[in-house]
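Inspection log for the structure reproduced underneath, given as structure tokens.
Just so you know, these numbers come straight off a predicted model, no measurement behind them. One is the number of the first residue; the rest follow in order along the sequence. Atoms considered below: every heavy atom in the structure, side chains included; atoms not considered: hydrogens, waters and symmetry mates. Counting starts at 1 for both ligands and their atoms, following the listed order.
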Amino acid sequence: MTIIESPRDELSALRDLCGGAVALPGDDGYDAARSCFNLALDQRPAAVVYPADSSEVAEVVHAARGLGLRVAGQSTGHNAGPLGNLSGTILVKTSGMGGVAIDADARIARVGAGAVWEDVVDAAAPHGLYALHGSSPTVGVAGYSLGGGMGWLARSHGLQTNSLTAIELVTADGELVRTDADNDPELFWALRGGGGNFGIVTALEFRLYAITEVYAGFMIWDWSEAARVLPVYARWAALAPDHVTTSFRIMQLPPLPEIPEPIRGRSIVIVDGAVQGDPAVLEPLRALQPEIDTFATMPAPALVRLHQDPEEPMPYVGDTALIDELPEAAIEALLQMAGPKSGSPLAIVELRQLGGALARRASGHGAVGGIDAQYVLFMCGMALDADMAAFMKHHAERIKAALEPWSGRGAYLNFAEDKVDPSLTHGPATWERLKAVKARLDPDNLIHANHAI
Ligand SMILES: Cc1cc2nc3c(=O)[nH]c(=O)nc-3n(C[C@H](O)[C@H](O)[C@H](O)COP(=O)(O)OP(=O)(O)OC[C@H]3O[C@@H](n4cnc5c(N)ncnc54)[C@H](O)[C@@H]3O)c2cc1C
């Protein structure tokens, strides 16, 4: 398909789409409409549209085809970096297509493509049910679920994508399709990990779990303790039972008033997570005498803010890698590059604990059946301007290079903030299958996704 740069008068044909909920370049609302969660990005789509339902999405797809434009779905823009600048593309923002319905007997949630995780947690909790959300209440259910999705129950329940039971989408020829294990199972398989490549998703359905309480919290040490804490954590994490999921972070916190006094402006080491069984499993970490220890039994919905992720858009640079193992030499390399005296400017250097159910693939799973690594490394630095962004990126790349001997192939795509080669993550057989579904559903490559097939 040839992508054309449409002049503004040609684009004005889009003006009446979505009942007029359209922002074109030059419009007063265009700059607000094109922005996303990461304020360091500069998306410049041919138009931004806000459909209210699937028929409006279909109109957008037909109009895009008529004008030689592409179409990209976006719920919150938490993973907008890999989309590029979106020239020649209509950005379909699904924020007007939210809504959550809970079927408590079947333990299934149905959400519109614009729903965010907090919406689901709030709707499911009164029924004693819980979803496999991640660490942020404002991340979109759609992008998270289509890309994988791992949260505090990941080592016991696996990736959220494999809890999906049905997906509805408008395909590249403008058809509304419902896919599940019985209806076009190959498309259903591809969407679960192959992301937004096959159409604009309008609704998702997924399993909920009868979980009302967890033993969760965080432990904090000064970062001068990093060399004492990380080796113990790594030995413990490698052998921990599946009912525990944790994260280890080195954080350099700014002196902002909204950060609580004991840690404001400090550099710390923090382990947080959730236990769904005997709390005694945390004893080896407690023996390290954390300065703060908040682990306690709490209502499961409190997990959605456990990690204290930023909820308002901000400018940042992120990077990621899969870590296969963390022996002593890897710990030393990581602390040399990111610990005290390293000179690292990164606000967060994080290891998310994998294994357990994340390592077990089952026949009903989608294209991303699990993650083959011991940790996902995620790094993040503030990027108030281009120089700062380059500086942060440089440091993140140095850390990745230092850990290269212990790193896996590909990346966990939900954490990849830049264009990466998704074929490395999927592996040759899955990649060929994904390409075949893409060729069948979207031979003209009309649909543009963050991690393009
Ligand atoms: C602060 C923060 C915390 C995070 N925490 C976690 C975590 O704990 N666990 C985890 O696994 N990940 C986490 N992530 C990563 C997150 O899962 C990805 O960024 C995910 O892609 C976000 O989905 P979204 O819909 O909010 O973002 P978007 O940027 O809106 O969507 C990402 C991609 O999904 C596709 N997509 C979205 N909506 C549609 C649609 N309606 N139709 C077709 N395609 C669509 C598109 O290809 C789009 O480019 C976090 C990210 C951030 C920034």
Ligand 1 versus Y316: contacting region, heavy-atom distance under 4.0 Å: side chain
Name the option, out of T202, N450, I200, that contains the heavy atom nearest to atom 49 (O) of ligand 1. N450
heavy-atom search around atom 42 (N) of ligand 1 in the protein gives V201 N, 2.8 Å
Who's the nearest protein heavy-atom neighbour of atom 21 (O) of ligand 1, and how far? N79 CB, 3.3 Å
Against ligand 1, does G151 come closer than 4.0 Å with any heavy atom? no
If the condition is ring pair (Phe, Tyr, Trp, His ring centres under 6.0 Å), which residues does W236 pass it with, not counting sequence neighbours? Y233
Consider every N or O of L146 and every N or O of ligand 1, then say whether any pair is closer than 3.5 Å. no
Pairs of nitrogen or oxygen atoms closer than 3.5 Å, one from T94 and one from ligand 1: do any exist? no
Filtering L191, V170, N414 for the heavy atom nearest atom 15 (C) of ligand 1 leaves N414
Just heavy atoms, cut-off under 4.0 Å: does D309 contact ligand 1 by side chain, backbone, both, or neither? side chain
Just need the protein heavy atom nearest to atom 25 (O) of ligand 1, so name the residue and atom and give the distance. S75 OG, 2.3 Å
Can you find an N/O atom of G140 closer than 3.5 Å to an N/O atom of ligand 1? yes
Ignoring angles and geometry beyond distance, decide whether S135 reaches within less than 3.5 Å of ligand 1 through its nitrogen or oxygen atoms. yes
Below 3.5 angstrom, do we get any N/O pair linking E417 and ligand 1? no
Table please: side-chain donor-acceptor pairs of residues 381-389 below 3.5 Å, with sequence neighbours left out.
unit_1	atom_1	unit_2	atom_2	d
D385	OD1	D387	N	3.2
D385	OD1	M388	N	2.8

Considering heavy atoms of the protein only, find what lies nearest to atom 14 (N) of ligand 1 and give residue, atom and distance to 0.1 Å. F415 CE1, 3.6 Å
Could you find the nearest protein heavy atom to atom 38 (N) of ligand 1 and give me its residue, atom name and distance? A142 CB, 3.6 Å
Got the closest protein heavy atom to atom 31 (O) of ligand 1, with its distance? G143 CA, 4.0 Å
